[in-house]
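These notes are about the structure you will find just below.
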Amino acid sequence: MALVGVAVHSNSAHANATCAALISNVKNQLIAHGGAYNFDLTIHRTDIDEVEYSRGAMSLYSSTGYWALTGGNTYQLFRDRYNGNQPFNLGAADTITPYVSSTDGQLYIWYNTWGFQTQWDLGCTGNTMTAIVPSLGVVTLTFRNWFTIG
């Protein structure tokens with residue numbers, strides 16, 4: 001799913017300035033040296049009994065556009081998938097493509113498996129972007145180590 005021509009950031013961002021330094025540092029490292037950052041993404045749901053978890057590599061999407069970083073096609077795992085009577089395939093993870101805005105703490109996720117999107121304003125502390133999203137839960141994206149590709 002490409003974001004070209006999609007006005008997914010039409011809502012003005014309400015995130016505070018806490019993410020500017022983190023995103024700038026990550027973006028500048030990737031512009032200068034290439035590579036990617038490992039990341040962990042969790043969504044601890046409060047509306048249903050579920051925790052969603054993804055781990056992937058975040059790379060430069062655009063050095064000048066609204067969306068600076070992307071996680072590519074990343075597997076998303078769920079705490080509610082288990083052996084027994086439930087509607088999901090225990091062995092099949094969903095795939096998502098997360099994007100992070102250039103400066104303001106927006107996290108956009110395209111759910112490849114199901115064909116829908118979410119978008120939230122996050123705040124940042126250290127290497128972690130997080131928010132309590134009403135009627136959903138706690139969303140956290142943590143940047144881990146930078147590494148070279150190749």
Side-chain angles (χ1 to χ4, degrees), residues 1-48 50-81 88-89 92-149:
M1 152 64 191
L3 291 179
V4 176
V6 178
V8 296
H9 69 281
S10 60
N11 297 337
S12 61
H14 303 290
N16 59 35
T18 61
C19 290
L22 172 61
I23 296 168
S24 178
N25 289 341
V26 169
K27 187 171 87 170
N28 289 340
Q29 173 73 12
L30 296 175
I31 291 169
H33 303 287
Y37 276 87
N38 288 320
F39 73 90
D40 293 308
L41 171 64
T42 61
I43 304 174
H44 180 150
R45 302 286 296 265
T46 55
D47 59 336
I48 57 176
E50 180 178 280
V51 176
E52 302 165 16
Y53 174 75
S54 302
R55 170 173 269 176
M58 190 73 64
S59 58
L60 193 63
Y61 181 71
S62 169
S63 61
T64 58
Y66 184 78
W67 300 106
L69 308 169
T70 184
N73 291 330
T74 302
Y75 291 109
Q76 182 181 40
L77 304 173
F78 300 86
R79 190 229 30 98
D80 69 342
R81 294 192 180 176
F88 300 106
N89 180 346
D94 290 348
T95 60
I96 62 171
T97 304
Y99 297 86
V100 174
S101 65
S102 291
T103 58
D104 60 12
Q106 288 273 313
L107 172 64
Y108 171 90
I109 302 172
W110 175 253
Y111 295 82
N112 301 311
T113 305
W114 301 103
F116 73 94
Q117 67 194 28
T118 56
Q119 183 174 346
W120 304 294
D121 299 319
L122 306 179
C124 296
T125 301
N127 63 333
T128 300
M129 302 174 67
T130 192
I132 296 174
V133 180
S135 301
L136 179 83
V138 180
V139 177
T140 302
L141 187 146
T142 301
F143 289 96
R144 301 295 182 189
N145 59 303
W146 171 82
F147 63 94
T148 59
I149 298 174

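Of the inter-residue distances, the one linking Leu141 atom CG with Ile109 atom CD1 reads 8.0 Å to the nearest 0.5 angstrom. Taking CG of Asn73 as the reference point, atom CG of Asp94 lies at 12.0 Å (rounded to 0.5 Å). With rounding to the nearest 0.5 angstrom, the CG atom of Leu41 is 9.5 Å from the OH atom of Tyr53. A distance of 8.5 Å separates CG in Leu30 from CH2 in Trp146, rounded to the nearest 0.5 Å.
Pairing each heavy atom of Arg144 with each of Tyr37, the nearest pair is O-CD2, 3.3 Å. When all heavy atoms are compared, the tightest approach of Ser59 to Gly35 is CB-O, 4.0 Å. Taking all atoms of both residues into account, the shortest heavy-atom contact from Met58 to Phe39 is N-CD2, 3.6 Å. Here the shortest heavy-atom pairing between Ala36 and Ala57 reads CB-CB, 4.1 Å. Smallest separation of non-hydrogen atoms from Gly105 and Ile23: N-CD1, 3.7 Å. In terms of heavy atoms, Asp47 sits closest to Leu136 at OD1-O, 3.3 Å.
Evaluation of the side-chain contact (heavy atoms from CB on, under 4.5 Å) rule for Thr95 yields Tyr75, Asn112, Thr113 as partners, not counting sequence neighbours. Every residue two or more places apart in sequence or in another chain that forms a side-chain contact (heavy atoms from CB on, under 4.5 Å) with Asn28 is listed here: Ser24, Ile31.
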Please list every donor-acceptor pair under 3.5 Å in which a side-chain atom of residues 124-132 meets a protein atom from a residue at least two apart or in another chain.
residue	atom	partner	partner atom	Å
Asn127	ND2	Phe143	O	2.6
Thr128	OG1	Thr142	OG1	3.1
Thr130	OG1	Val139	O	2.9
Thr130	OG1	Thr140	OG1	3.1

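Side-chain contact check for Val26 versus Val100: every heavy-atom pair is 4.5 Å or farther apart. Taking 4.5 Å as the limit, some side-chain heavy atom of Tyr111 sits within range of a side-chain heavy atom of Thr118. Looking at heavy atoms from C-beta onward, Thr74 lies out of side-chain contact with Arg55 at the 4.5 angstrom threshold.
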From CA spacing to verdict: side chain to side chain donor-acceptor pair (under 3.5 Å), Ser101, Tyr108:
CA-CA 8 Å; Ser101 65; Tyr108 171 90; over 6 Å; no
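In this structure, the side chain of Ser102 engages the main chain of Gly65 through a donor-acceptor pair within 3.5 Å. Remark: side-chain polar atoms of Thr70 are paired, donor with acceptor, to backbone N or O of Pro98 under 3.5 angstrom.
The aromatic rings of Tyr99 and Tyr61 lie perpendicular to each other, with more than 60° between the two planes, well past the 30° mark.
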